[in-house]
Amino acid sequence: MRFVVSSSALLGRLQSVSRVSNSKNSLPILDCFLFELNGNKLTITASDSETTMITTLDVIDSEADLRFCINSKTVLDSLKEISEQPLTFDVNTSNMEIVVNYQNGTFSIVGQQADDYPKANALEDDTTQLQMSAEDLLNGINRCLFATADDELRPVMNGVYFDITENDLTFVASDGHKLVRSKNYAIRGNGTSAFILPKKPTTILKNLLPKEQGDVSIRFNDRNASIILENYTLICRLIEGRYPNYNSVIPQNNPHRATIDRIALLSALKRVLVFSNQSSALIKLHLDNNQVVVSGQDIDYSTSAEESIVCEYGSTPMNIGFKGTFLIDILNNLDGENVIVELADPSRAGVIVPAEQQENEDVLMLLMPMMLND
């Protein structure tokens, strides 16, 4: 059985779905892509048993419908070096020999039967649906992904929490040290519901969404979610469990407020961090009289650095310590020219928000302080 497909179109789709595959799989068949040809539509599936990605593309010509599996690494490595041209796949269904002909040559490999490939987790009828634009989903994921945890003891923290109400959708992520809460008022659910999307499918979406147009449809129940993009469908197991009450950890009364140029603070932190203790990455902020002094030191190596930045601050003088790498992450993932740092006292979390929020958005980031010796 034969079909003809564009080499660059096939390679692009294969590279995207291959992000699902693990280097070591529990089932040998998962080292393969599943190819399913129906008429002039070729559907390609990749899976690691918990996350499955499906994409469909048009073929130039086909003789008959067929299903087969082909080793993912072999086909990817071979197509990378072939320029844009038609590829002709000849599949012998009796011995599963696959011969691929192209302009200057040919290669052959042995495929596997498609019946052995595991089916994706099916979603029953009791699913909740949510619609949003690809841009809104990408913005929410981009802001939160860096704050997710890698904690085997608290798996609920290892993903992005989608908190859906009739008024908004809130993206939340936290590792216990930093927290991101990004509300989007343009996305509304039919009621109150929530799910926790694991880090791996979230990272895959982060890579796919910049190339997608139009709306994204999400269907989910207690165990699984199906995320349908324009060119791809991602089906994954959700993290089960109750997400902590994130609103309760956000301090409400923060009398000390400083408005600081985000890029200036970010640059100063990167320079001062070089001279701070490498293991703790402790950075001290001293706020006083429209000025913030960023300082760090490493007593073991007798190194230190200090920089002053002009800001808007008229409250009482204050010292607070933060882990510099976490503060840099937060500033990198905020938009806008200025940020507002809201503080209560050196022992309570600092709240960092953009000075100007984007339309229909309310973004808040929180960072736990570190103890200062002085």
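Only a predicted model underlies this, so the values are computations on that prediction, with no experimental measurement involved.
Minimum heavy-atom separation, Leu282 to Met370: CD1-CB, 3.7 Å. In plain terms, the two heavy atoms of Ile29 and Cys69 that are nearest each other are CD1-SG, 4.0 Å. Minimum interatomic distance between Pro369 and Arg348 (heavy atoms only, all atoms of both residues): CG-O, 3.6 Å. Shown here for Leu27 and Pro118, the closest heavy-atom pair between the two residues is CD1-CG, 4.4 Å. Taking all atoms of both residues into account, the shortest heavy-atom contact from Thr51 to Pro201 is OG1-CD, 4.2 Å. His256 approaches Met318 most closely through the heavy-atom pair CD2-SD, 3.6 Å.
If you run side chain to side chain contact (heavy atoms under 4.5 Å, CB included) between Leu10 and each of Leu79, Ile82, Val59, only Leu79 comes through.
Enclosure of atom CG in Asn253 is not indicated, since only 12 or fewer non-hydrogen atoms of other residues, nucleotides or ligands lie within 6.0 angstrom. Shown here is Asn245, whose CG atom has more than 12 heavy atoms of other residues, nucleotides or ligands within 6.0 Å. No more than 12 heavy atoms of other residues, nucleotides or ligands lie within 6.0 Å of CD in Glu337, so this atom counts as exposed by the packing criterion. The neighbour count for Glu135 CD, taken as heavy atoms of other residues, nucleotides or ligands under 6.0 Å away, does not exceed 12. Heavy-atom neighbours of Gln213 CD from other residues, nucleotides or ligands within 6.0 Å: at or below the threshold of 12.
Here Arg262 does not pair with Asp335 in a salt bridge; the nearest charged N to carboxylate O distance is not below 4.0 Å. Salt bridge annotation for Asp61-Arg2: absent, with no cationic side-chain nitrogen under 4.0 angstrom from a carboxylate oxygen. Between Asp163 and Lys183 there is no salt bridge, since no side-chain nitrogen of the basic residue lies less than 4.0 Å from a carboxylate oxygen of the acidic one. Between Lys284 and Glu306 no salt bridge is recorded (no basic side-chain N to carboxylate O distance below 4.0 Å). Salt bridge absent: Arg188 and Glu166 never bring a charged side-chain N and a carboxylate O closer than 4.0 Å.
For the residue pair Asn25 and Asp31, a side-chain donor N or O sits within less than 3.5 Å of a side-chain acceptor on the partner. If you check the side chains of Ser304 and Gln297, you find no donor sitting under 3.5 Å from an acceptor. There is no side-chain donor-acceptor pair under 3.5 Å between Asn333 and Lys178. In this model, no donor atom of one side chain and acceptor atom of the other lie less than 3.5 Å apart for Ser7 and Gln85. Under the 3.5 Å distance criterion, with hydrogens and angles disregarded, no donor-acceptor pair is assigned to the side chains of Ser226 and Arg219. For the residue pair Thr106 / Asn101, a side-chain donor-acceptor distance below 3.5 Å is found, with atom types taken as modelled. With no hydrogens or angles considered, no side-chain donor-acceptor pair links Asn167 and Thr165 at under 3.5 Å.
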>> With side chain to side chain contact (heavy atoms under 4.5 Å, CB included) as the criterion, how do Leu197 and Ile227 come out once you've worked through the C-alpha distance, each side chain's angles and the decisive distance to 0.1 Å?
In response: CA-CA 11 Å; Leu197 190 65; Ile227 301 163; 4.1 Å; yes
>> side chain to side chain contact (heavy atoms under 4.5 Å, CB included), that's the test. Do Phe220 and Gln129 meet it? Break it down for me.
In response: CA-CA 7 Å; Phe220 64 95; Gln129 291 206 354; over 6 Å; no
>> side chain to side chain contact (heavy atoms under 4.5 Å, CB included) for Arg154 and Asp151? Distances and angles first, verdict last.
In response: CA-CA 5 Å; Arg154 292 188 300 170; Asp151 190 341; 3.3 Å; yes
>> Applying side chain to side chain contact (heavy atoms under 4.5 Å, CB included) to Leu273 and Thr325, what does each step give before you reach the verdict?
In response: CA-CA 8 Å; Leu273 191 60; Thr325 49; 3.9 Å; yes
>> Please determine whether side chain to side chain donor-acceptor pair (under 3.5 Å) holds for the pair Thr148 and Lys199, giving the CA-CA distance in whole Å, both sets of side-chain angles, and the decisive distance to 0.1 Å.
In response: CA-CA 7 Å; Thr148 53; Lys199 188 177 291 191; 3.3 Å; yes
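A heavy-atom distance below 4.5 Å is not found between the side chains of Tyr313 and Asn289. A heavy-atom distance below 4.5 Å is found between the side chains of Ile44 and Leu57. When side chains are defined from C-beta on, Thr55 does not count as touching Thr43, because their heavy atoms never get closer than 4.5 Å. Side-chain atoms of Leu179 and Met365, non-hydrogen and from C-beta on, never get closer than 4.5 Å to each other. Looking at heavy atoms from C-beta onward, Leu205 lies out of side-chain contact with Thr203 at the 4.5 angstrom threshold. Side-chain contact between Pro251 and Val351 is present, with heavy atoms from C-beta onward closer than 4.5 Å. Between Glu84 and Ser6, the closest side-chain pair of non-hydrogen atoms falls below 4.5 Å. In this structure, Asp298 and Phe275 have side chains that are not in contact, with every pair of non-hydrogen atoms separated by 4.5 Å or more.
Aromatic ring pairs are classed by plane angle as parallel below 30°, tilted from 30° to 60° and perpendicular above 60°; the pair Phe68 and Phe3 is tilted.
Ile239 contributes atom CD1, which lies 13.5 Å from atom CZ of Arg223 (distance to the nearest 0.5 angstrom). A distance of 9.0 Å separates CG of Asp222 from CG of Leu238, quoted to the nearest 0.5 Å.
Listed by chain and number, the residues in a side chain to side chain donor-acceptor pair (under 3.5 Å) with Ser174 amount to none (sequence neighbours excluded).
Both Leu364 and Val249 belong to a common hydrophobic cluster when Ile, Leu, Val, Met, Phe, Trp and Tyr are linked at side-chain heavy-atom distances under 4.5 angstrom. Following chains of ILVMFWY side-chain contacts shorter than 4.5 Å, one cannot reach Phe146 starting from Ile141, and the two form parts of different hydrophobic clusters. Cluster membership for Leu287 and Val272, using ILVMFWY side-chain heavy atoms within less than 4.5 angstrom, is shared. Tracing side-chain contacts under 4.5 Å through hydrophobic residues (I, L, V, M, F, W, Y), one reaches Leu138 starting from Ile164; they form part of the same cluster.
A cation-pi arrangement is absent between Arg67 and Tyr117 under the rule of less than 6.0 angstrom and at most 45 degrees off the ring axis.
A ring-centre distance under 6.0 Å is found for Phe171 and Phe162.
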